[in-house]
Amino acid sequence: LLLVLRFISFFSESHRQDSANLLIFIMLLTLTILTIWLFKHRRFRFLHETGLAMIYGLLVGVILRFGIHVPQNMSDVILSCAVNASPATLLVNVSGRFYEYTLKGEVSRGKGLQVQDDEMLRKVTFDPEVFFNILLPPIIFHAGYSLKRRHFFRNIGSILAYAFMGTVISCFVIGLIMYGFVSFMKVVGQLGGDFFFTDCLLFGAIISATDPVTVLAIFNELKVDVDLYALLFGESVLNDAVAIILSSSIAAYQPAGDNSHSFEAMAMLKSFGIFLGVFSGSFALGVATGVMTFTKLRDFPLLETALFFLMSWSTFLLAEACGFTGVVAVLFCGITQAHYTFNNLSPDSQDRTKQLFELLNFLAENFIFSYMGLTLFSFQSHVFNPMFIIGAFVAVFLGRAANIYPLSFLLNLGRKNKIGYNFQHVMMFAGLRGAMTFALSIRDTATYARQMMFSTTLLIVFFTVWICGGGTTPMLTFMSIPSAMLDGSQRRNTKHESAWPFRIWYNFDHNYLKPLLTHSGPPLTATLPTCCGPLARCLTSPQAYEVWTQHNVIQ
């Protein structure tokens with residue numbers, strides 16, 4: 001009975017502590033929202049809500065780390081469990097069955113008097129998978145669902161070049177520069193553990209994920225030129241997906257029978273194949289699920305919205321379960337659903353889904369930035385190396401420059417609407433690092449190299465959000481960036497301004513795919529040949545005829 005009572009007491013205490021930890025994050029978000037209202041009311045643009053959330057997280061982290069100490073009960077403390085070097089993975093043989101254990105991180109540094117304080121800090125440290133499975137899906141889906149497709153597709157070639165070629169260039173430039181710094185640190189004795197070339201490339205892939213949330217919010221508020229907005233937004237959205245797959249491919253790189261991370265052509269080709277396979281598979285899965293999300297519940301908008309939401313989230317989980325990347329899948333699922341499924345929703349569900357994903361995106365984003373500030377003090381395995389930090393800032397700057405300026409020069413050779421130097425300078429300045437960089441770096445902190453990378457990544461995120469994000473408005477003024485209010489007189493025709501591949505796709509989509517998958521556009525009976533009349537009538541819904549008739553009457 002005494003044992004049962006003690007277990008109940010322990011469970012109750014743990015439950016109260018978990019509730020208190022969650023309450024801390026809720027209060028952080030509440031305080032951030034109230035301060036944002038005050039900033040917007042006063043038209044104060046120097047500090048965005050993301051930077052403000054990070055400051056509040058820092059303050060709470062300082063309080064938890066240095067201001068609160070739990071009374072010690074030494075009867076429950078284990079004083080001797082010394083391990084000099086822990087492997088990342090441990091295999092245990094029990095009666096012929098092997099069990100694999102993975103090191104997630106330290107609970108305590110080994111100081112007996114700090115065990116309970118460390119336990120409290122560990123409680124507020126979330127499992128990295130929470131970010132990928134709970135917080136990131138609504139952020140990425142909202143990016144695709146709210147995409148301004150007119151301006152996105154008008155600049156699709158440039159966006160793909162920046163997102164794919166630019167991210168790869170940035171990754172290798174940063175990786176090579178950091179390898180030079182790491183080699184120098186090893187010579188002068190400033191390196192306290194193993195740091196291979198593949199670790200440098202992995203750091204390059206992680207830190208190449210841009211997330212200019214602050215800049216884009218200011219762009220949207222000031223109505224900055226739509227092409228600049230589309231270039232920066234499109235690059236950042238696709239760039240996140242490329243950075244995730246690139247980091248996974250680099251992590252999978254391992255020469256056969258070799259543990260020295262040396263170069264081998266077959267291993268590199270294998271990593272490249274993984275990159276292409278994962279991206280194409282994730283893209284196909286996202287588009288397929290987006291196209292197949294049909295809702296026939298127009299009479300019940302609440303059920304329709306709930307089904308739409310669950311189908312969208314399940315796309316991310318399905319991709320992860322199949323070995324693909326959920327971020328890529330849910331991104332293109334959002335783009336596809338905004339283009340097709342949105343037209344099939346009832347008017348109430350259209351408004352409700354937009355507001356729902358906008359709300360989830362806002363809460364998840366600010367939660368992550370608050371947690372970033374908290375992590376600076378709650379994470380207990382930080383490795384701050386001044387030389388590595390300086391090298392990282394230099395590498396990030398040069399990597400961004402090697403991405404923007406050479407590619408802009410090449411793209412301008414084939415663009416009618418040139419990317420001016422003022423646009424290039426703003427894109428260079430707006431290469432902020434944020435939620436995706438943080439999530440990728442915190443996913444694995446088991447080794448010395450990964451801990452150093454994570455600590456440095458936090459500092460880079462803080463600097464870019466506060467300094468670059470806060471200096472966006474003065475930068476726009478200094479570069480004389482024009483604004484473009486999207487009224488009817490200034491709206492340009494995407495179809496005629498785009499390259500010929502997009503014009504072909506536009507005609508095919510407007511005449512065949514939209515009539516087949518939605519109730520908008522001309523019915524198939526008007527676009528398919530007369531010999532396909534029975535099939536066209538079978539595939540065209542009554543709503544499509546009704547919408548088309550109303551459209552013709554209005555015209």
Side-chain angles (χ1 to χ4, degrees), residues 29-30 32-33 36-37 40 49 134-153 213 216-217 219-221 223 226 229-230 233-234 237 286-287 289-316 330-367 485-488 491 494 509-510 513-521 541-551 553-555:
L29 288 176
T30 304
T32 303
I33 290 171
I36 290 170
W37 170 82
K40 288 184 179 296
E49 57 253 32
I134 304 298
L135 297 177
L136 279 182
I139 294 176
I140 302 300
F141 183 85
H142 178 262
Y145 196 63
S146 62
L147 184 70
K148 293 180 175 62
R149 296 183 300 278
R150 171 183 297 272
H151 309 291
F152 178 85
F153 286 112
V213 177
L216 291 176
F219 278 16
N220 192 47
E221 191 173 343
K223 305 298 181 184
V226 291
Y229 185 94
F233 178 79
V237 169
V287 172
T289 53
V291 169
M292 292 188 299
T293 306
F294 289 105
T295 56
K296 300 291 186 179
L297 308 175
R298 295 174 60 88
D299 295 334
F300 304 96
L302 179 61
L303 300 181
E304 188 179 37
T305 304
L307 180 62
F308 185 87
F309 173 76
L310 293 177
M311 288 294 293
S312 306
W313 205 308
S314 63
T315 301
F316 180 91
V330 80
L331 170 64
F332 287 101
C333 175
I335 295 174
T336 307
Q337 287 182 340
H339 190 59
Y340 296 113
T341 313
F342 180 81
N343 296 311
N344 295 334
L345 299 176
S346 63
D348 288 344
S349 294
Q350 289 180 350
D351 295 335
R352 189 173 290 164
T353 52
K354 279 186 174 181
Q355 295 170 0
L356 172 63
F357 286 111
E358 187 177 1
L359 174 64
L360 291 176
N361 170 72
F362 174 80
L363 292 176
E365 214 160 57
N366 282 278
F367 182 92
M485 300 291 289
L486 290 178
D487 56 26
R491 186 171 292 180
T494 306
D509 176 65
H510 180 73
L513 290 183
K514 271 199 169 182
L516 178 64
L517 300 173
T518 72
H519 306 311
S520 61
S541 65
Q543 291 90 345
Y545 286 116
E546 182 180 347
V547 171
W548 183 248
T549 302
Q550 293 176 354
H551 176 74
V553 170
I554 293 175
Q555 287 187 339

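Note: hydrogens, waters and symmetry copies are ignored here, and every other heavy atom, side chains too, is used. Not measured: the values here are computed from a predicted model.
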Subject >> Heavy-atom pair with the smallest gap, counting every atom of G286 and T315 >> reply: CA-CG2, 4.2 Å
**OP:** Enter the distance from L136:CG to L331:CG here, rounded to the nearest 0.5 Å.
**Re:** 12.0 Å
Subject >> T289 vs Q337 side-chain heavy atoms within contact, under 4.5 Å >> reply: no
**OP:** For F309 and L360, run side chain to side chain contact (heavy atoms under 4.5 Å, CB included): C-alpha distance rounded to whole Å, both residues' side-chain angles, the deciding distance at 0.1 Å, then the answer.
**Re:** CA-CA 11 Å; F309 173 76; L360 291 176; 3.4 Å; yes
**OP:** Taking the side chain as every heavy atom from C-beta outward, state whether H142 and F362 have any pair of such atoms under 4.5 Å apart.
**Re:** no
Original post:
Looking only at side chains, do Y145 and S312 share a donor and an acceptor under 3.5 Å apart?
Top reply: no
Original post:
Should T353 and E304 be marked as a side chain to side chain contact (heavy atoms under 4.5 Å, CB included) after you check the CA-CA gap, both sets of side-chain angles, and the distance that decides it?
Top reply: CA-CA 10 Å; T353 52; E304 188 179 37; over 6 Å; no
**OP:** Enter the distance from L359:CG to K354:NZ here, rounded to the nearest 0.5 Å.
**Re:** 16.0 Å
Original post:
Taking the inter-plane angle between the rings of F357 and F141 on a 0 to 90° scale, is it parallel (under 30°), tilted (30 to 60°) or perpendicular (over 60°)?
Top reply: tilted
Original post:
Looking only at heavy atoms, which two atoms of A338 and G144 are closest? And how far apart?
Top reply: CB-O, 4.4 Å
Original post:
How far does CG of L135 sit from CG of N361, to the nearest 0.5 angstrom?
Top reply: 11.0 Å
Original post:
Heavy-atom distance under 4.5 Å between the side chains of T305 and S349, does that happen here?
Top reply: yes
Subject >> I140 side chain reached by F316 side chain, heavy atoms, under 4.5 Å >> reply: no
